[in-house]
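Sequential numbering from 1 along the given sequence is applied to the chain's residues.
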Amino acid sequence: MRQGHYQDSLDLLNVPLRNDLQSSDVAAWQKMTQAAASAFLSRFDDAEHYLQQAQSIVESSQPRLLTDLTLRRGTINFLKGDLAAARFEYRASLDLARQLKDPFLEAAALGSLGLISTRMERYDESIDWNKQALQLSSSIGAVSSVARIKGNMGWSYYQMGDLENALAQFQQAEKDSQQAGLIADRVYWLDNAAVANYDLGYYREAETISRQALASAKQLNEIGAIIECLQNIALAEIQKEEFSAVQQELNEIIRLESGAHNHTRELYSRLLEGHLAAKALNFSTAENLYSKILLDPLATTSLRWEAQASLAQVNAAQGRASLAEREFDASIDTISKARDALQHEEFRLSFLSSAIRFYNAYVDFLISQHRPSDALAIAERSRAQTLTAGLTEPSQALVTAFPRVNPQQLAARFHSTLLFYSLGTPRSHLWVITPQKTTLLPLPSQSEIDPLVKSYRDQILDGDNPLESPNSPATELYSMLVQPAAKLIPAGSRVIVLPDSSLYSLNFETLIVPKPAPHYWIQDLTLTAANSLTLLQRSQSTPPPQNARLLLVGDAVSSDEQFPPLRQAAREMAFVKGYFPEDRRRIVSGRDATPPAYFSAEPERYDYVHFVTHGTASRTHPLDSAVILTKSGDSAKLYAHEIITRPLHAYLVTVSACDGAGKRTYAGEGLVGLSWAFLRAGAHNVIASLWEVNDDSTPKLMDELYKGLKAGQDPATALRNAKLSLIRSEGIFRKPFYWAPFQLYAGS
């Protein structure tokens, strides 16, 4: 059964036991294994029958197997799609395992909770469960558990858009599964590695891996796995325009589907047929296939809007501009309602990555129609919808109406040049917005930009000095991303950058301007970051507060080795509080610095809120981001979804997350999730970290920041001057690793 030979397992177990074994552990295991094997074959009535028999044996004579029984009941509920029931059983099995002090069962329960959290789209929670499971499984040498946990962590990373981390986890899970003899699991992780490669744009690698998975799936005679491998191969071949090969894969898929009906999988095959026809310019066939999907009442929401988007592109390719635009608009309406429908979606392409590709297609269409302002509005709408969905509690209705923003009025209001980036394939775009005009500039494809951003980020995190590195990507990135707009940006002015995709992980201040002498861009102007024009429009430009009040929270007691004590926390807190009279500040530190203490301090009363602590971030679900404080009850996390429940009026919130957990985990967004939450709660400005920062340099930078604020400087100017003080220093703190992680965000 563990190798995926479920029918063989049932055949071997279909024997009567001797009378003296009828109430033994052997009998209980026979029934539990039959139940699990039946569930994996989707024979849920049989599975429930066997499970009831197992329960009778366990309750009457084998109580020590109750944890195993509970785990299997959770697995059967999971396979049936009843995620809430599965989670309940997995929590119960964890409690039982801990009562028995059985580390193997505890690891299994933790891993199961990690998996169910992923499927319920609780990715931050999933990572926490899986890390506990991985640590325990590794300590007891449970190789098969380690493999599954790594693979499940890969799915969490994948759903959060961290494709590189996801791929690494899938690859390791595949190797561990092979070592443990888990053949079916190996096929599954290979297939997922292929999907990650595909979404990264590595089509040949995706095809190669899918063919490996296909060979193993054929050995197992797992028809569903074979079909999914063939679908992945067809996806890659479509991108390579190997149309005859795609047709061969589709013919084989159709043949196999005749004996293994799965309606959703069959509809996806029809979608692939439509893509093939569209690529081959057989537009009438493509229209027919996409239309059939749209008319199918059983089509999932994701299939429906992808078919709509594809139909729009077919109409655009035929010059039917008005019809194409109607289809694009219809798809947007479908997408805006799709998030809840996708909570139980197990299809291979995540909603977010698919939505990004679709919006890029719409933007490209409008640009081809010489409508750059409308294209900007659509690019902005996709961003605003993503942010709003991420910042909305599940019980609340999603905002679907987004008033059109006048970007030039925004530029005038903030006395700034706005740089709005949109990355895509085959092309990317930059809108340069000044009070006088909006200019659209073409940029290279995302596939050219992303590797440079990653390479430069790695260089910074390795502690290099880009100004002393002749081949630093910083100069090339400046040439690629900023130089085209340089003539439109006055020297010494203010710039608000609205990044996209991998650019969220890039601090534009660190880009190197080659002339007259190489120097960082921060030395030429003052930069602020924003997440969307819509949120920026809602913010207010206010002068620094008089007689300001400070809420200072930090130097928490560590309860998790992932978040060790910060050596310089007390020093930083001493610097910051020194700029405020004793009667104008509230200090919450040490054992008192708990999540409930933040709310008890009434944060809405303060002009400045400053955290000296760790932080975590979630990319796809910003509400899962958290400030790490002293543990209270079961948690040390002050979550973003809690932060937005208490209105703020703060002029500036600073999350000084030294040695935080954001270096690699969430690929690029840094602590943007927390900045969103504090801005949404009402803060006018937020300073948050893009990567793990140094505990020694941060107090000095924060001291300079508050010195500037005390002198009446606005946050952008004060932060820039604080960074320049480190750049001009003689020690290692002049390197970007030490001064560049902190970024100012606006857009309340």
Side-chain angles (χ1 to χ4, degrees), residues 456-469 472-475 477-478 492 494-495 497 505-513 517-529 554 566-579 608 610-613 615 652 654-660 662-663 670-671 675 685-711 713-745:
Y456 187 38
R457 181 180 172 88
D458 289 344
Q459 182 184 34
I460 290 177
L461 294 179
D462 287 340
D464 289 350
N465 189 336
L467 284 174
E468 299 173 0
S469 303
S472 173
T475 303
L477 283 168
Y478 177 84
R494 292 177 177 266
V495 170
V497 176
S505 67
L506 176 67
N507 187 332
F508 280 71
E509 296 169 324
T510 68
L511 299 184
I512 294 178
V513 185
H519 60 280
Y520 296 116
W521 199 28
I522 188 178
Q523 295 171 275
D524 292 345
L525 37 72
T526 303
L527 274 82
T528 301
L566 300 175
R567 295 178 295 102
Q568 299 291 341
R571 178 168 169 252
E572 180 178 336
M573 293 181 75
F575 280 146
V576 174
K577 74 179 183 181
Y579 290 98
Y608 293 90
H610 190 107
F611 292 90
V612 184
T613 181
L652 175 65
T654 302
V655 185
S656 180
C658 302
D659 283 333
K663 178 177 177 181
L671 294 180
S675 79
N685 303 278
V686 174
I687 294 175
S689 172
L690 283 173
W691 60 75
E692 186 174 326
V693 298
N694 182 269
D695 197 18
D696 294 313
S697 61
T698 301
K700 177 175 174 57
L701 187 142
M702 292 300 165
D703 186 27
E704 293 293 331
L705 168 70
Y706 279 89
K707 184 184 299 182
L709 293 169
K710 183 74 172 179
Q713 297 172 3
D714 63 88
T717 302
L719 182 60
R720 175 178 183 261
N721 289 337
K723 291 177 178 180
L724 290 175
S725 71
L726 293 188
I727 293 172
R728 294 164 182 157
S729 66
E730 295 299 323
I732 62 171
F733 291 167
R734 69 183 188 277
K735 297 179 179 180
F737 174 79
Y738 297 96
W739 58 263
F742 292 108
Q743 188 152 275
L744 179 69
Y745 298 91

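Every residue was checked against the salt bridge (Lys or Arg N to Asp or Glu O under 4.0 Å) condition with Arg571, not counting sequence neighbours, and none meets it. Residues meeting the ring-ring contact (aromatic ring centres under 6.0 Å, His included) test with Tyr706, sequence neighbours left out: His610. The side chain to side chain donor-acceptor pair (under 3.5 Å) check on Tyr608 picks up nothing, with sequence neighbours excluded. Evaluation of the salt bridge (Lys or Arg N to Asp or Glu O under 4.0 Å) rule for Asp464 yields no partner, not counting sequence neighbours. Applying the side chain to side chain donor-acceptor pair (under 3.5 Å) test to Gln459 and every residue at least two apart in sequence or in another chain returns Ser469, Ser472. Scored by the side-chain contact (heavy atoms from CB on, under 4.5 Å) test, Ala529 finds Gln743, Tyr745 as partners (sequence neighbours excluded). With sequence neighbours excluded, the residues forming a ring-ring contact (aromatic ring centres under 6.0 Å, His included) with Tyr738 are Phe733, listed by chain and number. By the side chain to side chain donor-acceptor pair (under 3.5 Å) test, Ser725 pairs with no residue at all, sequence neighbours left out. Taking the side-chain contact (heavy atoms from CB on, under 4.5 Å) definition, one finds that Pro741 meets it with Ser689, Trp691, Val693, sequence neighbours left out.
With rounding to the nearest 0.5 Å, the separation of CG in Leu652 from CG in Leu709 is 6.5 Å. Atom CG of Leu724 and atom CD1 of Ile522 lie 5.0 Å apart (nearest 0.5 Å). Separation of atoms OG1 (Thr698) and CG (Leu705) is listed at 11.5 Å; rounding is to 0.5 Å.
Residue pairs that meet the salt bridge (Lys or Arg N to Asp or Glu O under 4.0 Å) test with at least one member in residues 696-708, sequence neighbours left out, are Arg567-Asp696, Glu704-Lys707. Listed by first and then second residue, the salt bridge (Lys or Arg N to Asp or Glu O under 4.0 Å) pairs involving residues 717-726 are Glu509-Lys723 (not counting sequence neighbours). Applying the salt bridge (Lys or Arg N to Asp or Glu O under 4.0 Å) test to residues at least two apart or on different chains, the pairs with a partner in residues 724-743 are Glu468-Arg734.
Here the closest non-hydrogen pair linking Leu701 and Phe742 is CD2-CD1, 4.1 Å. Nearest heavy-atom pair, Pro518 versus Ile512, reported as atom, atom and distance to 0.1 Å: CB-CG2, 4.1 Å. Heavy atoms only, all atoms of each residue included: Leu690 and Ser505 are closest at CD1-O, 4.3 Å. Nearest heavy atom pair, residue Gln568 against residue Pro699, reads CB-CG, 3.8 Å.
Side-chain contact check for Thr510 and Asn507: no donor-acceptor pair (N or O, by modelled atom type) lies under 3.5 Å. Side-chain contact annotation: Ser656 with Glu572, donor-acceptor N/O pair under 3.5 Å present.
At least one side-chain heavy atom of Thr717 sits under 4.5 Å from a side-chain heavy atom of Arg494. With a 4.5 Å cut-off on side-chain heavy atoms, Val576 and Thr654 do not count as touching. Using a 4.5 Å heavy-atom threshold, the side chains of Thr526 and Val495 count as separate. At a threshold of 4.5 Å between non-hydrogen side-chain atoms, the residues Pro466 and Tyr520 count as touching. With a 4.5 Å cut-off on side-chain heavy atoms, Asn685 and Leu744 count as touching.
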Please evaluate residues Leu527 and Val497 with respect to the criterion side chain to side chain contact (heavy atoms under 4.5 Å, CB included), reporting the C-alpha separation (whole Å), side-chain torsions for both, the decisive distance (0.1 Å), and the verdict. CA-CA 7 Å; Leu527 274 82; Val497 176; 4.0 Å; yes

Evaluate the side chain to side chain contact (heavy atoms under 4.5 Å, CB included) criterion for residues Leu511 and Tyr456: first the C-alpha distance (whole Å), next the side-chain angles of each, then the deciding distance (0.1 Å), finally the verdict. CA-CA 9 Å; Leu511 299 184; Tyr456 187 38; 4.2 Å; yes

With side chain to side chain contact (heavy atoms under 4.5 Å, CB included) as the criterion, how do Trp739 and Ile727 come out once you've worked through the C-alpha distance, each side chain's angles and the decisive distance to 0.1 Å? CA-CA 8 Å; Trp739 58 263; Ile727 293 172; 3.5 Å; yes

Before you tell me yes or no, could you show the steps for Val513 and Thr475 under side chain to side chain contact (heavy atoms under 4.5 Å, CB included), namely the whole-Å CA-CA distance, both residues' side-chain angles and the distance that decides it to 0.1 Å? CA-CA 7 Å; Val513 185; Thr475 303; over 6 Å; no

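Using the six-membered ring where Trp is involved, Phe508 and Trp521 have ring planes that are tilted, between 30° and 60° apart.
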